[in-house]
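Note sheet for the following structure.
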Amino acid sequence: MIVVPYSVNYREAWDGFVRQSKNGTFLFLRDFMDYHADRFFDCSLLIYEGDVNSGETQAPEGLDGLKAVFPANFVERERTVCSHGGLTYGGLVMEAEITQQEVLGIMQQVMQYYRDMLQASTLVYKPIPYIYSALPAGEDLYALFRAGARLRSRAVSSVVALRNQLRMRTLRQRQAKKALDNNFYIERLVESDREGLHTFWQLLTDVLMTHHGVRPVHSEEEIGLLMQRFPREIKVFLVKHEERTTAGCVVFVCAQVAHVQYIAADDEGRQFGALDLLFRHLITERYKQMEFLDFGISTEREGHWLNTGLIFQKEGFGGRAVCYDCYEVDLASEAIDRMANGEAEGDEGLVRFLHLKAINDSFEPRLTQAMEAVMRSGWYLQGEANRRFEAEFARYCGTRHCVLVGNGMEALVLVLRAYKELLGWQEGDEVVVPANTFIASILAIREAGLTPVLCEPSMQDYLIDPDRLPQLVTERTRAIMPVHLYGQVCDMERIGTFAREHGLKVVEDAAQAHGALYRGRRAGHLGDAAGFSFYPGKNIGALGDAGCVTTDDDRLAEVVRMMGNYGSAEKYVNRYKGLNSRTDELQAAVLSVKLPRLDADNDRRRAIARQYSEGVQNPLITLPTLPADIREHVFYVYPVRCPAREKLQQHLRERGIQTLIHYPIPPHRQEAFREWNDLRFPITERIHREILSLPISPLLTDAQVERIVRALNEFNVEL
């Protein structure tokens with residue numbers, strides 16, 4: 001299957017598919033959904049037949065090969081994808097002739113897409129009820145079960161099947177007749193009648209606040225705009241008595257389902273059966289040509305409270321109860337990667353690239369105890385946990401100072417900005433940096449107001465090539481930023497000698513090299529200063545963002561500390577134009593728990609690297625060159641190269657082995673640096689085109705590593 005993000009270019013294909021799908025009658029068409037795109041991050045998907053690793057990212061013409069669509073939006077602050085919120089009422093919309101195994105594969109790829117591309121942590125999924133499916137089966141429910149979903153909430157609606165309507169109760173008929181006998185009448189609100197809408201919305205708000213303590217989700221202004229923009233889909237019906245509005249509702253119309261929402265009646269309307277009159281009108285006259293009339297949810301507090309009076313009234317019109325279940329899926333769950341191929345994997349299971357939860361669990365109960373101690377202390381920033389870890393990590397690296405900051409990129413920014421203050425560097429002065437680094441190294445230079453100068457790496461170790469430095473240094477060069485990429489230390493003796501000869505500072509980007517040794521000294525103590533990241537996936541990672549600066553320079557450490565605290569050493573006295581870049585106490589406490597095991601974890605990574613290097617004998621795969629002193633590498637990742645990288649990645653995926661690409665696009669080809677897009681760095685470009693990172697977590701077993709080696713040696717393809 002090929003997953004294609006929705007865009008307006010696919011609107012006709014989307015709507016055409018929905019109309020002929022097995023369960024799309026309940027879904028709003030794209031016109032209505034696209035209108036809301038300014039309020040919601042629309043991350044809807046189209047799923048086509050094909051090979052996910054074919055490189056195809058464009059949908060074919062029309063409906064050819066379209067198997068399903070997945071309407072959804074992304075709540076970024078919560079890292080949550082919702083299959084219904086703000087866009088639609090349902091989940092996966094499928095073609096009529098689809099197998100359970102195909103749905104498993106589709107749901108798996110959808111979840112993996114949101115996890116890997118959006119870094120979403122949760123999927124909230126609201127299946128379309130069976131009643132709205134032309135061929136009810138529940139394939140998506142089985143997929144949710146396989147993904148380890150849990151029931152999040154349950155709501156109950158009352159639905160009238162207009163072609164197979166149940167008997168309307170006599171009581172409801174009498175109440176409707178009572179309303180007519182007392183001169184109540186029904187009026188559809190015209191789109192331009194803002195005064196009439198205002199009157200109804202006041203009634204609705206009063207009823208909701210008085211009886212339920214809530215306000216309408218939509219505002220009066222939003223409903224007015226929707227009525228004007230979608231006069232066929234959004235309608236407001238009022239019940240009036242002597243020109244006074246006593247009851248009403250809003251109806252959202254889909255292909256074959258009319259959804260009744262925002263039902264309200266005042267005391268007079270309830271006394272004389274205004275809603276009974278309205279409901280009978282909707283059923284017997286206004287929407288009798290539809291498949292279904294959905295009277296809307298009659299539960300509150302996520303299904304824990306039933307509005308029995310409203311349910312009784314709705315059921316009196318031949319309505320039947322329909323459950324709207326809402327499920328929650330943890331996108332970090334291993335079950336997702338086993339959904340479609342778990343049986344084929346037998347007992348071997350999935351080899352994850354990095355299982356952060358398992359790593360953190362291995363530090364329990366000390367991890368939880370340390371965090372609880374911080375919580376109980378009542379001190380959450382710049383406290384004892386910060387001071388303790390700074391002392392521990394400085395001692396570990398062998399430096400005089402360690403200053404905790406917000407993250408690894410800000411560590412580099414603060415060092416460079418501090419040097420500008422201390423040494424008088426000017427805006428636009430230059431810093432030499434490898435061209436194949438993660439983009440954060442380059443962004444840090446730019447953020448500090450300096451100019452990055454890209455240097456090609458060595459193809460042998462993928463690190464900055466000291467032989468190229470002389471041709472890059474100019475009168476404006478102020479520093480070199482060697483990046484210890486993938487966990488291997490750069491040739492710091494040659495870089496340091498060159499820097500001293502030219503009066504340059506050396507600022508290490510040690511974000512991937514925690515604990516690496518170079519001639520008896522650790523990364524972070526090999527230049528004038530260094531920046532570390534403690535991102536959760538690093539060799540020593542926090543449970544969120546964190547970073548630090550290490551240095552022997554007393555004055556530099558002092559200025560870095562001030563600049564990370566709004567430029568202040570004394571509260572409300574700001575010496576520099578600083579920023580807010582601090583590690584909180586919880587993260588510092590976590591790091592103190594993990595630091596004592598860092599060397600042992602690095603040794604395990606080295607042992608796994610040796611297994612790979614000794615076991616893989618495939619001429620299509622280029623292994624990394626190991627340094628003569630293995631302690632110079634801590635194997636943040638184990639990178640191999642292959643000219644058929646995507647096919648190799650697919651080969652491993654089919655065998656239950658996860659891999660990642662560090663990094664697919666070189667910085668100079670990123671859209672963020674359009675001014676560099678025409679530059680040529682052939683070595684960098686080849687690395688980024690061929691590189692693939694194998695699993696190398698310290699929790700990997702020897703059996704898992706042997707399985708990966710076997711899979712690598714089995715790979716064969718014609719180039």
Point to revise | salt bridge (Lys or Arg N to Asp or Glu O under 4.0 Å): pairs with one or both residues in residues 434-459, sequence neighbours excluded | key: R446-E675
Return yes when atom [atom1] of [X] has more than 12 non-hydrogen atoms of other residues, nucleotides or ligands closer than 6.0 Å, and no otherwise.
| X | atom1 | result |
| --- | --- | --- |
| R468 | CZ | yes |
| E76 | CD | no |
| E671 | CD | no |
| F74 | CZ | yes |
| R215 | CZ | no |

State the [atom1]-[atom2] distance between [X] and [Y], to the nearest 0.5 angstrom.
| X | Y | atom1 | atom2 | answer |
| --- | --- | --- | --- | --- |
| S458 | I687 | OG | CD1 | 8.0 Å |
| E632 | H484 | CD | NE2 | 10.5 Å |
| R669 | N677 | CZ | CG | 7.5 Å |

Point to revise | Any side-chain donor near an acceptor of the partner, S44 and D42, under 3.5 Å | key: yes
Check your understanding: Would you say the side-chain atoms of H525 and D552 include a donor-acceptor pair closer than 3.5 Å?
Key -> yes
Under 4.0 Å between a Lys/Arg side-chain N and an Asp/Glu carboxylate O for [X] and [Y]?
| X | Y | answer |
| --- | --- | --- |
| K420 | E427 | yes |
| R689 | E685 | no |
| E558 | R561 | no |
| D629 | R631 | yes |

Review point. Can you check side-chain hydrogen bond (donor to acceptor under 3.5 Å, both in side chains) on D461 and Q488, steps first, answer last?
Key: CA-CA 8 Å; D461 55 18; Q488 183 171 359; 4.7 Å; no
Can a donor-acceptor pair be found, under 3.5 Å and without considering hydrogens, that links the side chain of [X] to the backbone of [Y]?
| X | Y | result |
| --- | --- | --- |
| T659 | L692 | no |
| E421 | A418 | no |
| Q512 | K538 | no |
| N574 | Y576 | no |
| E328 | R152 | no |

Practice item. Would you verify whether the NZ or CZ of R478 falls within 45 degrees of the ring axis of Y419 while also being under 6.0 Å from that six-membered ring's centre? Key: no
Review point. Within 45° of the six-membered ring axis of F635 and under 6.0 Å from that ring's centre, is NZ or CZ of R606 located there?
Key: no
**Study point:** Verdict with reasoning, T583 to Q587, per side-chain hydrogen bond (donor to acceptor under 3.5 Å, both in side chains)
**Key:** CA-CA 7 Å; T583 296; Q587 306 304 337; over 6 Å; no
Check your understanding: Can you name the residues that form a ring-ring contact (aromatic ring centres under 6.0 Å, His included) with H668, not counting sequence neighbours?
Key -> F681
Do [X] and [Y] come close enough that some side-chain heavy atom pair is under 4.5 Å?
| X | Y | answer |
| --- | --- | --- |
| R352 | P695 | no |
| C43 | Y114 | yes |
| R597 | F363 | yes |
| H502 | T477 | no |

Exercise for review: Provide the closest heavy-atom pair for I442 versus F673 in the form atom of the first, atom of the second, distance.
Suggested key: CG2-CZ, 3.5 Å
Practice item. In sequence, state the C-alpha distance, the side-chain angles, and the governing distance for F534 and H514, and then conclude on ring-ring contact (aromatic ring centres under 6.0 Å, His included). Key: CA-CA 9 Å; F534 298 116; H514 313 75; 5.6 Å; yes
Practice item. Check step by step if side-chain hydrogen bond (donor to acceptor under 3.5 Å, both in side chains) holds for R582 and N580. Key: CA-CA 6 Å; R582 300 177 293 198; N580 178 8; 3.2 Å; yes
Exercise for review: Identify the residue among K594, R522, R604 that makes a salt bridge (charged side-chain N to carboxylate O under 4.0 Å, His left out) with D599.
Suggested key: R522
Point to revise | Sub-6.0 Å ring centroid separation between Y486 and F438 | key: no
